[in-house]
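The structure under discussion appears below in the form of structure tokens.
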Amino acid sequence: MTIEVKKVLDSKLAINASAGEKLFKCLKSYNRAENLRISFLGIELLSSAFLNESIGKVVLQDPDIYNRWKFIYPKDNSIFEAKVEDVIENALLGEKYDHLIDGVVISL
Amino acid sequence: MKNQPVLSLEGELYTNFSGVKQLFQFYHRANEFTNTTIYIDMYHLSWIDANLSSLFSAVLFKLGKENNLQFSTDLTFLKNKFDVLFRNGFFITSEKIPDDRESTVVLKEFNSDQDSEFITYIKDDLLNHRGMPNFSPNVKEGIMNELVEVYSNIGLHAKTTFPFFVCGQYYPKQGALNFSVVDLGVGFLPAIKEKTRGEVDTDYKAIVWALKKGHTTKRDSPGGLGLFNLRDYCKKNNSNMQIITGNTFWSSEFETTIFDYREFPNPFVGTIINLLFSDKIR
């Protein structure tokens with residue numbers, strides 16, 4: 001099953017958090033055991049805020065789910081893949097990262 | 001001008017701690033008045049970085065909305081001395097003054113739900129500006145992506161219905177392009193203080209916290225990569241970034257100095273992000 005982000009948003013811009021919520025709801029509507037292809041073809045711009053509210057939020061709730069996802073990126077845009085990977089890594093670190101940061105904050 | 005309050009701006013306003021501080025001080029002096037017209041005396045101002053028009057506009061906007069203030073000044077004098085402030089749209093007169101030097105990135109205000117308008121502005125007015133010929137397509141793409149991060153952060157964190165203000169200026173002799181983004185929101189500290197249960201209790205600590213990869217004040221989703229990436233991008237591309245929030249001025253340039261940050265005696269509201277691009281980028 002392929003989810004085309006551009007169709008979900010009806011826009012080439014995947015920037016703000018409210019757009020992220022749209023994709024989040026779409027992702028949640030699928031069975032978690034289903035293999036999904038998430039396509040960013042046709043998307044011009046992508047923000048961390050959008051990704052955090054969509055893909056990141058799903059992964060935070062269900063860390064194993066991303067193993068069943070495959071992402072499709074526009075060929076001329078390498079930044080998208082880096083952002084998606086960063087957001088997923090950040091989501092997976094989750095509570096463990098919070099504890100690490102608490103330790104850093106105390107040392108400030 | 002009888003009985004009309006007069007406030008002056010003097011000296012030099014560069015995109016640095018002192019320049020920002022002067023505009024903050026202007027705000028506080030003006031904030032003592034309501035329901036009147038203030039005359040702005042700029043006769044003894046010798047320089048203003050035109051990108052600071054975004055901060056100046058934000059200050060005047062807030063004073064107009066909250067204090068019902070209007071402002072007047074000597075436009076004839078300023079057309080001769082600082083025509084850049086007309087070319088970039090800060091001063092608007094019936095006779096439109098073209099940006100014949102093509103060095104300005106016009107002053108605009110946006111709301112956080114104006115995605116396509118903001119993107120179009122960045123593409124047409126900033127990145128495709130004839131004053132930026134030395135930036136490669138890859139670098140322009142990087143700048144666009146990072147400014148999208150700044151824009152989406154405002155929508156997510158500023159907590160205000162007021163617009164945000166943007167303006168840029170190209171300085172060909174220095175090979176520099178300054179771009180300033182100013183919001184009138186709550187600043188970094190309140191949400192970060194709550195998120196860290198009071199551990200982060202100063203504006204400087206809030207900036208440091210916000211710049212760390214992965215940090216976010218959002219409760220049910222991950223976050224916090226926008227500012228980290230922006231700072232990383234600036235580092236790798238011979239550019240600098242300033243963050244002003246609460247009473248604190250932080251600059252990536254401080255990393256090679258004895259300063260961690262500087263403090264304003266009279267802070268403003270919201271957050272300012274100044275990006276100081278160098279066209280030595282390749």
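Per chain, numbering begins at 1; letters A, B, ... match sequence-line order. Since the structure is predicted, the reported quantities are computational estimates derived from the model, not experimental observations. Worth knowing before you read on, the calculation uses all heavy atoms, side chains too, and leaves out hydrogens, waters and symmetry mates.
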Checking heavy atoms, do the side chain of B/Thr202, its backbone, both or neither come under 4.5 Å from chain A?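 Neither part; nothing is under 4.5 Å.
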Contacting region of B/Tyr151 [heavy-atom separation from chain A under 4.5 Å]: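 Contact with chain A: side chain only.
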Positions in residues 29-46 of chain A that reach chain B, provided some heavy atom is under 4.5 Å away: A/Glu44, A/Leu45, A/Leu46
May I ask you to list the residues in residues 19-27 of chain A that approach chain B closer than 4.5 angstrom, counting heavy atoms only, ordered by number? none
For [X], look at atom [atom1] and say whether over 12 heavy atoms of other residues, nucleotides or ligands are found less than 6.0 Å away.
{"X": "B/Lys62", "atom1": "NZ", "answer": "yes"}
{"X": "A/Lys70", "atom1": "NZ", "answer": "no"}
{"X": "A/Asn67", "atom1": "CG", "answer": "yes"}

Once rounded to the nearest 0.5 Å, what's the spacing between atom [atom1] of [X] and atom [atom2] of [Y]?
{"X": "B/Asn153", "Y": "A/Ser48", "atom1": "CG", "atom2": "OG", "value": "8.0 Å"}
{"X": "B/Ser152", "Y": "A/Leu51", "atom1": "OG", "atom2": "CG", "value": "9.5 Å"}
{"X": "B/Asp115", "Y": "A/Ser11", "atom1": "CG", "atom2": "OG", "value": "7.0 Å"}

Would you call A/Leu13 and B/Val148 a side-chain contact if the rule is heavy atoms closer than 4.5 Å? no
Determine whether the side chains of A/Asn16 and B/Asp113 contain a donor N or O and an acceptor N or O closer than 3.5 Å. no
